[in-house]
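One structure below.
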Amino acid sequence: MTIHHAEKGDRTELTPEELSHKRAEALAGGSRKYHERLAESQKMSVRQRLDLLLDPGYVEDGLFANAMAEDLAADGVATVTGTVNGRTVVVMANDPTIKAGSWGARTVEKILRIQEKALELNCPIFYLVDSAGARITDQVDMFPGRRGAGRIFYNQIKLSGRVPQICLLFGPSAAGGAYIPAFTDVVIMVEGNASMYLGSPRMAEMVIGEKVSLEEMGGARMHCAVSGNGDLLASDEDQAIQWGKRYFSYFPSHYTESPPAVTPRPAGAADWDRMIPANQNVPFDMHQVIFGLVDEDSWFPIKPLFAPEILVGFARLNGEAIAIVANQSKVKGGVLFVDSADKAARFISLADAFNIPLLFLADVPGFMIGTKVERQGIIRHGAKMIAAVSEATVPKISVIVRKAYGAGLYAMAGPAFGADATLALPSAQIAVMGPEAAVNAVYFNKIHELEGAARQQFIQAKQEEYRQDIDIMRLASELIVDEMVQPQHLRHELIQRFHLYRNKTRDFSARRHPVTPV
Amino acid sequence: MSSVVASLAGTVFKVLVGPGDMVSVGQEVVRLESMKMEIPIESETSGRVIEVLVHEGDFVNESDPLLIVE
């Protein structure tokens with residue numbers, strides 16, 4: 001539309017009607033055609049997304065960005081400051097109806113400014129991502145410079161660990177844009193619509209000759225189950241937004257605060273007498289232990305589809321937020337692999353950054369061995385997890401549920417790794433390795449000299465000797481475990497201990513930063 | 001047709017189904033032994049077992065097919 005300026009002496013002024021028309025235009029986003037396309041793919045508009053995420057009444061900056069151009073409402077991104085359940089947050093939300101949510105110069109400047117707002121307000125930032133990436137036609141203005149797109153990632157890294165950074169991925173996050181999710185703390189992806197990739201399938205075919213679908217290349221399920229770039233796979237946008245809010249409920253607004261508590265609830269029902277198989281080799285579902293310990297309905301798993309041999313997630317213990325790392329013997333025996341070590345390392349560092357106490361539930365046969373994992377670098381990946389455990393200075397308690405063998409004990413915050421307490425259930429067994437493997441290793445030659453019944457007898461006798469050597473009561477008498485707890489009393493014991501440890505000193509080591517194994 | 005594969009390297013401890021058996025999603029079909037743990041291997045599809053490719057005591061690597069389901 002043409003703006004008619006009202007003459008007022010020597011200056012011109014928009015009429016209220018003109019301003020509200022311009023505002024309505026900017027709020028409407030792209031043309032009807034693009035809004036229809038959104039609806040066809042079960043997507044919401046950027047305004048609907050903001051309304052669902054935020055409490056009513058937020059303020060917005062840069063709504064009139066690129067207002068002089070045609071069809072570039074807000075330059076394709078909303079940047080707002082508001083509250084989620086009464087707590088201040090800032091939000092960057094791409095508008096997929098404006099040039100597919102792509103970034104021009106003002107888009108980038110708006111994103112940079114809202115990140116700087118997060119730094120100044122010391123408040124969390126939500127990234128609602130649905131973007132095709134850079135506008136190649138505008139590249140000189142938005143790509144290479146000091147305040148070009150690269151600065152978005154630089155700012156994210158600066159914000160990392162200061163304030164929570166939460167990514168809700170509703171659509172594509174392509175090429176350079178794919179790094180926005182990568183630098184946030186958590187990525188919630190909508191199945192069927194969300195995707196992340198550096199090169200599109202079209203580009204992959206052109207450049208490397210690979211023929212592949214978008215879903216295979218960078219679909220939500222692939223990232224949540226295989227690559228580990230995604231944390232949670234939501235079935236629709238509403239669920240993604242609700243999960244984002246729920247995730248945030250376990251977090252403080254910044255790194256110097258404690259996470260907010262809620263009204264305590266009792267734990268779920270647990271059949272402790274039958275839950276944990278006495279035979280260390282037989283798998284069971286560790287979820288039962290978690291549900292028996294934490295406040296009912298408070299378990300919020302992170303990366304449940306990725307490396308499920310280790311469970312990580314947030315929960316509440318008597319209303320207080322805790323972070324749990326637990327071995328899941330039901331999947332791959334609970335053995336630690338390259339991916340499980342990465343998953344745990346990252347989660348431990350997240351919890352420690354935001355003062356969420358850590359609970360380890362150990363039932364681990366150790367790190368996987370064999371050529372396959374050695375070639376994948378199991379040693380350096382395992383080192384990451386052990387480093388993260390060591391550096392975590394938040395209150396941390398290790399519960400030996402069943403076995404804790406070899407470096408598995410170390411990775412699960414064993415006694416040497418600064419745990420505030422190592423608690424053992426009566427079913428606990430701590431050793432370099434299990435009795436079968438140990439006897440075979442120590443007496444390999446002797447065993448092979450013997451035959452038949454004599455061999456069996458010898459093995460059994462040595463295994464029994466070994467079991468006595470690592471008997472959990474003996475380890476308690478040697479001060480290796482700090483307390484023996486019946487499973488029925490574990491919840492109460494943990495509530496008490498976490499409460500008592502809440503003001504612990506958090507110094508670890510004086511230096512610039514560690515040289516982290518990667 | 002699809003194959004049920006080993007989730008990690010180990011020894012075949014028990015084969016729980018034979019050719020002709022019907023299996024359903026999530027049903028344990030083979031039990032491996034690895035890292036001194038028994039590892040249940042579940043079928044990811046429903047259908048009839050056409051062929052069992054391993055015997056008890058065999059060593060299998062991660063991703064090796066254990067049986068074929070139609």
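Computed from a predicted model, the values in this text were never measured in an experiment. The sequence lines fix the lettering, A, B, ..., with proteins before strands; numbering per chain opens at 1.
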Hey, can you dump all donor-acceptor pairs under 3.5 Å between chain B and chain A, distances included?
unit_1: B:E38; atom_1: N; unit_2: A:N281; atom_2: O; d: 3.0

- Query: Are more than 12 heavy atoms from other residues, nucleotides or ligands located less than 6.0 Å from atom CG of A:L450?
  - Reply: yes

- Item | Most contacts with chain B, counted as non-hydrogen pairs under 4.5 angstrom, among A:A437, A:G434, A:G370 | A:A437

- Side chain, backbone, both or neither: which part of A:M433 has a non-hydrogen atom closer than 4.5 Å to chain B? neither

- Query: Should we say atom CD1 of A:I369 is surrounded by more than 12 heavy atoms from elsewhere, each under 6.0 Å from it?
  - Reply: no

